[in-house]
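Down below is the structure, laid out as structure tokens.
Chain letters run A, B, ... following the sequence lines, proteins first and then strands; every chain starts at 1. Heavy-atom basis, side chains included; hydrogens, waters and symmetry copies ignored.
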Amino acid sequence: MTEEIRAQSYVGFDSITQQIEHKLLKRGFQFNVILVGQTGLGKSTLINTIFASHLMDSKGRFTADEPVRQTTEIQAVSHVIVENGVKLRLNIVDTPGFADQVNNEGCWDPIIKYIKDQHSAYLRKELTAMRDRYIQDTRIHCCLYFISPTGHSLRPIDVIVMKKLSEVVNVVPVIAKADSLTLEERENFKARIREELIYHNIRLYPFDTDEDEEEEIQLNESIREVVPFAVVGSENNVIIDGKSVRGRKTRWGVVNVEDPNHCETHLQDLIETTAQIHYEAFRSKQLLALKEGVNARPAANTAQQ
Amino acid sequence: MARPSAARRRSKVKGVQFTIMVVGAAGTGRTTFVNTLCESDVLRHKVIEDPETAHVETGIKIKPANIEFEEEGVRIALTVVDTPGFGDSIDNEFAFQEIMSYIERQYDDILAEQSRIKRNPRFKDNRVHALLYFIPPTGHALREMDIELMRRLSPRVNVIPVIGKADSLTPQELRSFKKRIMEDIDHYDIPIYNFPYDVEEDDEETIHENRELRAMLPFSVVGSEEEVEIDGQPVRARIYPWGIVEVDNPQHSDFTRLRGAILGSHLEDLKILTEDVLYETYRTEKLSRTVDTDDRDSQLLPEDLVNQSVILKEEQLRREEEKLREIELKMQRELNERRQQLLAKEAALRDLETRIAAQGSNTSY
């Protein structure tokens, strides 16, 4: 434990937090997420539900003359969402065609390549002598992997792809359309998936690092217990008890997306997890930037506004 | 539904034999459907013992199971052929061919039996009369897998598309989904079993009934092996926190209509179509092929589609062989060159030797 020193006179670095916050507010947060899963698993709906806005259209086949996709395509769409003055630059990458063919051998290659390319592009920009002060960050911060709600177990392709993805990106497994499972089926399914993920050594976010404090380890543990997230998405509103909530209306009842009994895992948890992922990536970037800033100006002294 | 009374009496005593095959990826509700249909645990659910085996690609396993029961006073000896493992591999091409082979093998067996001089009176006819294909409830339209399977198998067996786990869709989503599936089936010219009727020959009732059933395609089913009490009566249902889905309630699922059709009103029709049309077509093809083996024109579409992948693979192999041959030739050429070089060097050395020897002998003089 290093001793904390109290400086003898006011130095002025306590305003650094304000500086960072100011810069953040101006520039906004960047968050890039990639969605991986077969068509029809609820990817687009989930994103639109999480961010409570219509950000993406489903890339499924909706008319007979639309041809069947033969390979996995990568399609990115960008949005800027503002909430209480905080800007969020969102980059959503969809992967239509993934695992939709009869022979799906290698359908994950375009995805892995894309993720790696973003990393190399960023690195290249960072290493150039004359680089922009602010580099456009297209690196993928988080991958939402969609598991089909079969109620049985992971399929061979799920195991292979999640394993490969976890080596290049933070993977968060999600069971969308969870309303097709009863609560009991859901619990059994999740338990079995967790077993399989552990057996195959698939590293999922969040993972503990040596730097984490007790509090963070606890938080990570509690998140890990809920993974995979079983969620129900909806862009439509239904009236329950006089209130308008997001939900799905069927012939036998109404599913309330915001009710923790229905959509058992709160969307909040998913948002928090991904916010954490984002924060961590951002944090390391900022620290790197600070370090470089100090190195670049060795004569730096008092705080600048 | 007009069956001659003599036949009806016969079937009441002996029981009618009927074979259905259920095809669909894991988790589409196949096993539960069969168990719900037969009102008993005919098929066992996939039991995953430990995580080590769960992900292993087992490939497709075709397993027939027999069960007998009564339907509207008629004894039915039902054979259900399950196909666990379909659609779960990364490359599912093999599974397709397995299913096709199974169906054709039953036809081959009967063809062989019919051609015997002394026939076996106890020969069991295992031809598949109906194939129920379970489409996963994506809500979009058909995937390549769905289109390919139905297209390849329809010429050999009566294919009836079914949407399993239909309770994951709202009524509106289900309506749009069904409509899009039928549009796809139409667009890709897939000859599924669509409750055919003849406007001129059939009576009003039959026409009406068939029209109704055709409009319900693909059937959206919900299966359940559990019962719950509603108004004091045990009801097969699925219990969610937001409501209860009743299997036999026609508002919630097409299960009852489908069951009534394939095990009742249209059982005979499905059998007749299989025996008189699908089997006869296969038989004609097979016999004419053995007679005229070079005649490529008599090959039907399903053969072509199955053979196409074989032909593609053969071409790939041929190309690879050519490449290997080229590499071989190159290596041989290089070897030859080196050999020539070596021989040249040897010759030069020998030359040098003789010259030195000559010099030596000169100086020694």
Side-chain angles (χ1 to χ4, degrees), chain A residues 38-42 58 60-66 68-70 99-107 148-160 177 179-185 192-200 236 247-256 259 261-262 264, chain B residues 25-29 45-46 48 50-52 54-57 87-93 95-96 136-145 147-149 165-173 176 180 182-188 226 237-246 249 251-252 309:
Chain A
Q38 275 184 313
T39 32
L41 288 185
S58 171
R61 281 187 72 239
F62 283 100
T63 56
D65 42 7
E66 258 183 71
V68 176
R69 276 178 229 264
Q70 293 301 323
D100 280 334
Q101 290 85 40
V102 173
N103 181 357
N104 292 311
E105 203 73 52
C107 67
S148 178
T150 60
H152 295 321
S153 63
L154 292 178
R155 295 171 308 148
I157 195 172
D158 294 330
V159 173
I160 291 183
K177 296 199 175 181
D179 53 340
S180 66
L181 299 167
T182 61
L183 291 185
E184 199 185 319
E185 290 168 343
R192 221 167 298 133
I193 292 180
R194 274 195 286 267
E195 274 177 21
E196 289 187 72
L197 292 173
I198 293 173
Y199 175 73
H200 289 283
N236 303 320
R248 286 168 63 71
K249 186 153 181 244
T250 62
R251 280 207 185 101
W252 41 86
V254 185
V255 185
N256 181 351
D259 180 343
N261 284 328
H262 293 188
E264 181 228 40
Chain B
T28 44
H45 285 276
K46 181 175 175 191
I48 299 136
D50 48 359
E52 292 147 41
H55 74 290
V56 172
E57 281 190 21
D88 294 333
S89 308
I90 298 194
D91 183 357
N92 295 296
E93 182 60 47
F96 275 53
T138 61
H140 296 178
L142 292 180
R143 305 164 305 156
E144 187 195 24
M145 176 92 88
I147 298 172
E148 277 303 296
L149 180 114
K165 295 199 176 179
D167 52 345
S168 59
L169 299 166
T170 64
Q172 191 176 4
E173 289 168 347
S176 323
R180 279 190 284 260
M182 292 316 285
E183 279 171 10
D184 260 345
I185 287 177
D186 199 36
H187 181 87
Y188 286 95
E226 287 171 10
R238 281 174 66 76
I239 307 152
Y240 291 106
W242 50 85
I244 300 178
V245 182
E246 296 164 42
N249 184 337
Q251 297 278 349
H252 294 183
S309 48

| message | Suppose we screen for salt bridge (Lys or Arg N to Asp or Glu O under 4.0 Å). Which residues come up paired with Glu183(B), at least two apart in sequence or across chains? | response |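 With sequence neighbours excluded, Glu183(B) shows a salt bridge (Lys or Arg N to Asp or Glu O under 4.0 Å) to Lys179(B), given in chain and number order.
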
* Can you list the residues that meet the salt bridge (Lys or Arg N to Asp or Glu O under 4.0 Å) rule with Arg143(B), with sequence neighbours excluded? ->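 Checked Arg143(B) against salt bridge (Lys or Arg N to Asp or Glu O under 4.0 Å); matches are Asp146(B).
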
**Q.** Shortest non-hydrogen separation from His140(B) to Gly40(A) and the atoms involved
**A.**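 What the structure gives for the nearest pair is CE1-N, 3.4 Å.
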
- prompt: Do the side chain of Lys177(A) and the main chain of Leu169(B) share a donor and acceptor less than 3.5 angstrom apart?
  reply: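 Such a contact is absent between Lys177(A) side chain and Leu169(B) backbone.
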
Could you tell me the separation between the [atom1] atom of [X] and the [atom2] atom of [Y], rounded to the nearest 0.5 Å?
{"X": "Asp91(B)", "Y": "Ile157(A)", "atom1": "CG", "atom2": "CD1", "result": "10.5 Å"}
{"X": "Asn92(B)", "Y": "Asn103(A)", "atom1": "CG", "atom2": "CG", "result": "8.0 Å"}
{"X": "Tyr240(B)", "Y": "Leu181(A)", "atom1": "OH", "atom2": "CG", "result": "7.0 Å"}

Val102(A), Leu197(A), Thr39(A), Asn104(A): which one forms the most heavy-atom pairs within less than 4.5 Å of chain B?
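Max contact count across the listed options: Val102(A).
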
Residue part contacting chain A, namely of [X], when any heavy atom lies under 4.5 Å:
{"X": "Gln172(B)", "value": "neither"}
{"X": "Ile147(B)", "value": "side chain"}
{"X": "Pro136(B)", "value": "neither"}

Of the listed residues (Leu142(B), Leu149(B), Asp186(B), Thr28(B)), which shares the most heavy-atom pairs with chain A below a 4.5 Å separation?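 It is Leu142(B).
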
**OP:** Among Met145(B), Glu144(B), Glu148(B), find the residue that satisfies the side-chain contact (heavy atoms from CB on, under 4.5 Å) test when tested with Gln101(A).
**Re:**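 The side-chain contact (heavy atoms from CB on, under 4.5 Å) with Gln101(A) is passed solely by Glu144(B) among Met145(B), Glu144(B), Glu148(B).
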
